[in-house]
There are 2 protein chains.
Amino acid sequence: MTKLTVKAIASHFNVSVSTVSKAIHDSHEISDELKRNIREYAKLNNYKPNRVALNLFNRNTKTIGVVIPNILNYFFVQVLYGIEKIADQRGYSIIICSTNESIEKEIKVLDFLSSGTVDGVIISTVLGETGLTNSNEHFSALLDRQIPMVMFDRVIEFIKCDKVMVDDFEAGYLATKYFLDTGCKIVAIINPLGNSYIGRLRIEGYKKALCENGIGPNDKLIVTINYQDDLELTIHSLLDFDKIDGILIFDELTLVKIMDIVQSKGYQIPKDISFIGFTNGELSKYVTPSATTISQHGKFIGESSADKLIDRIEEECDTCNFETRIIKTSLIARESTLKPKEYGKA
Amino acid sequence: MTKLTVKAIASHFNVSVSTVSKAIHDSHEISDELKRNIREYAKLNNYKPNRVALNLFNRNTKTIGVVIPNILNYFFVQVLYGIEKIADQRGYSIIICSTNESIEKEIKVLDFLSSGTVDGVIISTVLGETGLTNSNEHFSALLDRQIPMVMFDRVIEFIKCDKVMVDDFEAGYLATKYFLDTGCKIVAIINPLGNSYIGRLRIEGYKKALCENGIGPNDKLIVTINYQDDLELTIHSLLDFDKIDGILIFDELTLVKIMDIVQSKGYQIPKDISFIGFTNGELSKYVTPSATTISQHGKFIGESSADKLIDRIEEECDTCNFETRIIKTSLIARESTLKPKEYGKA
DNA sequence: CTGTTAGCGCATTCAT
DNA sequence: ATGAATGCGCTAACAG
C-alpha cells in the first residue's frame, strides 16, 4: 500500500481533487453523503496530507532549528528540554544540530537551516577560537532571509537579534562573594570557555567582588583551559603558584574532574579548598562532596528562548527592536563550600 | 531583501526559469557567459534553493526522526550523539521528539512523523504502562506507509522492523555473576523499567546466574518501581526483608540516588552492600564510591541504528528480512563492588 | 454542490 | 543554446 494522495482518492470516487480536499476539510460546500464517503475512505485507508506539500503551500514548516555546541553537556540538554516543551505546546517540532564546538560545522548547519527547512532558529554559538572576524557572516545569511533567530547563553555581542542570556556578571560576583563570605582569601578561576563573552562577564563579576573586598585581582589566578588540556597539570601548577583556598569553575564536568584530582592529592574539600561550579546538574548534586553551584536555570532559558522565537515567527508586524532577556542565576549551596556561619571556624 | 527564487533570477535576466535552473546546476546546455552571469548573481545575492520545494520534488527529505522517551536521560543522549554523528556524515539531519514516557505523546509524535516530514525513524519506545494491546497500531501507521523504522534498546518484540538491542540477558547475567564472584550472597534488583522487554531479559539473565550457583531466585528481591515512587521507602523495606549484600539497579540516576540513601543510613559500600548499575555515564564515574556499571555503549547503539536506517532508506530493493543487531555490553568495575580477588577478605 | 485553474519553488523532459 | 510544459501534493480562488 503506497502512500495515499488526494489525487488517488479523487480518482477512486471519480471526482476532482478539490472536491476531495474540501471534503476532508469538512467544507460545507460538499454534499453530506459524498463527504461522509470520502472521509470514511480516507480514515479507513489512513490518509494523511503530505506535510511537505503543505509546507510548500503555507510557506512555513512549523519547525524550529536548535543549534548547540555539545549535546553531551547537561546544561544544553536542560535547555533542549525547555525548548522542546514549549515547542510542543505551541505546535512546533524541533530539529537539533550539534556543532561539536566546530566553527565549520556551525557554518554548515546554519547554511542548511537557512534553506527553508525551519521557521526560525535558536542557537548557542561555538567558542570563538577562530577569531571574531568572520563569525559574523554565516549569521547574516540567516538574518538576511528574515529568518528569526534567538541566541542564548553563548551569544555574540554585536549580532542584532533576540537574546536570552544568563546574568553571568552577577553569577561571577555572587560566587566570588560567597567564597569571601565563607572565609576564603585567595580565589582562583578555571575557565574552559575560552575568550567568550559570558566567560568575560563572569570574570568581571569576580573582579568586582574582589575589589569590593579590597582584594586586587591577580590575572595569574585566572586560567583558561581547552578541552584537550591536561587538568592534572594545570591544577598542579595553579596550586603551586599560591595558597589558593577557593576555586570557581565555569563548567560542571570540569569541576567534578578537578575536585577528584584535588582530593586524590590529599586536599580536603571544603576545609582546604572550596569549590563552586556552574550548571546545576545531577553530577554536582551527587558527587562527593556535593558541589555548590550556580544554577543557570537551563530549562527556563530554553522555555524563554522558544517562546520568544515563536512570538517572533508568528508576529504580524516586525517591529525590529530586539529584546535581550537576562535570566537571574541562583547559588545552590552544598558541601564543597564552607557555610557562611562557619566562617572562622575552620 | 525577501528570499530569492529561480523565478526572480529569471525575470532579472529576462530568461526562463528552466534556464536559470540549468545554469545553477552548471548544465552544459547553457552558454558559458549567461551561465557565469547567473551564477555570479546567485552567489552575490546568496541564492539558496528552497529545501521544501526540493523535498517535494525529490519525494524525500534527507532527515530522520528520532523518538526517545526522555532527553534528560544520559543513555539516550549518548545514543543521540551517535545518531547525530552518522546522520551528519551521511548527509541527513535529525529531528528529535521526546515522548516523556507518555504513550499519548508517542502516538502524536509518530503520527506527525508519518506525514512525510522524515525519510525514516529511529525509536526507543515508552515503558508500556498501558498494556501492550494497542501499542501496535501507531507503529503500523508508519510501517504501512513504508517508512523505514529501527527500534533500539526499548523495542517491542512483535513489531516487524530492524532492531538494535543491547544484550540485556547477558548484561543481567554478567552483573549477577560479578556479585557472586565478589562474595555477595543475596542479590536484589531494583527495576525502574516496568514490565518492558529489556527489563525482563535482564531479570532472566540474573536468574540464570543465580541458578548456576545453586541459588533459587526469590521474586521478593526483585522490586519494580515507578518514577514517582519514594525510593527511601522502597529501599527501606527491601533491606528489612533480608540481609541483602548486593543490589543491581537498571538505571544510572536511580543507582546514584539509592547509593546516597543507603550510605546515609550508615551502610558502607561495598563492604556492607555492593552496587552495580547501568548506563556508564559521568555520574557513575564521579559519584563516591564510583559505581560499577554495565556499559551499553550508547554511542555505538546510536551509530548502528542510524547506519541501519539509512541503509534501509537508500537501498533499492527492499528485501523485507529485518535484522536485529545485538550489542554486547561490558562491565566496568569500580569501587561500588568488591574486587573478585578480595572475595572472602571482607 | 462540484470542477477548473492557478500557484507554492524547483527540476526535468521535450520542443524549438 | 534556450524555453514551454509538466509534475511533486496540496489548497484556494473563482467558475459553473
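Sequence lines set the chain letters: A, B, ... in the order given, protein chains first and strands last, and positions in each chain run from 1.
- Regarding A:F13, its CZ atom lies at a distance of 17 Å from the C1' atom of C:dG3, rounded to whole Å.
- Going from atom CG of B:N37 over to atom C1' of D:dA1 covers 15 Å, rounded to whole Å.
- Summarising the local packing, CG of A:D32 is surrounded by 12 or fewer heavy atoms from other residues, nucleotides or ligands at distances under 6.0 Å.
- A:I24 has its CD1 atom 12 Å from the C1' atom of D:dG9, to the nearest Å.
- For A:K7 and D:dG7, the shortest distance from a side-chain N or O to OP1 or OP2 is not below 4.0 Å.
- With DNA chain C read from its 5' end, the first of the two nearest nucleotides for B:T19 and B:L56 is the one closest to B:L56.
- When rounded to the nearest whole Å, the span between CG of A:N55 and C1' of D:dT11 equals 13 Å.
- For B:E29, taking side-chain heavy atoms from C-beta onward, the closest of the listed nucleotides C:dG9, D:dT11, D:dT2 is D:dT2.
- Note that NZ of B:K163 is 14.0 Å distant from CZ of B:F152, once rounded to the nearest 0.5 Å.
- Residue A:K22 has its side chain nearest to C:dG3 when only D:dC10, D:dC8, C:dG3 are considered.
- Considering only the side chain of B:S18, D:dA5 comes nearest among D:dG9, D:dA5, C:dG9.
- Among the heavy atoms of the strands lying under 4.0 Å from B:S31 are primed sugar atoms or P, OP1, OP2 only; no base atom is included.
- The phosphate of C:dG9 (OP1 or OP2) has a side-chain N or O of A:R59 nearer than 4.0 angstrom.
- Note that CG of B:D119 is 5.0 Å distant from CG of B:N60, once rounded to the nearest 0.5 Å.
- We find that CG of B:N58 is positioned 12 Å from C1' of C:dG9, with the value rounded to whole Å.
- Here B:V15 lies in heavy-atom contact (under 4.0 Å) with sugar-phosphate atoms only.
- Contacts of A:H25 with the nucleic acid, taken as non-hydrogen atoms under 4.0 Å apart, involve only primed sugar atoms and P, OP1 or OP2.
- Between D:dT11 and A:S21, a contact under 4.0 Å exists linking OP1 or OP2 to a side-chain N or O.
- Going from atom CD of B:E323 over to atom CG of B:D311 covers 9.0 Å, rounded to the nearest 0.5 Å.
- Taking 4.0 Å as the cut-off between side-chain N and carboxylate O, A:E33 and A:R36 do not count as a salt-bridged pair.
- Put simply, CG on A:L54 is 8 Å from C1' on D:dG9, counting in whole angstrom units.
- Contacts of B:Y47 with the nucleic acid, taken as non-hydrogen atoms under 4.0 Å apart, involve only primed sugar atoms and P, OP1 or OP2.
- When the P atom of C:dT2 is taken as reference, atom CG of A:N14 falls 13 Å away, rounded to whole Å.
- For B:K3 and C:dG9, the shortest distance from a side-chain N or O to OP1 or OP2 is not below 4.0 Å.
- What separates CD1 of B:I9 from P of D:dT2 is a distance of 16 Å, to the nearest Å.
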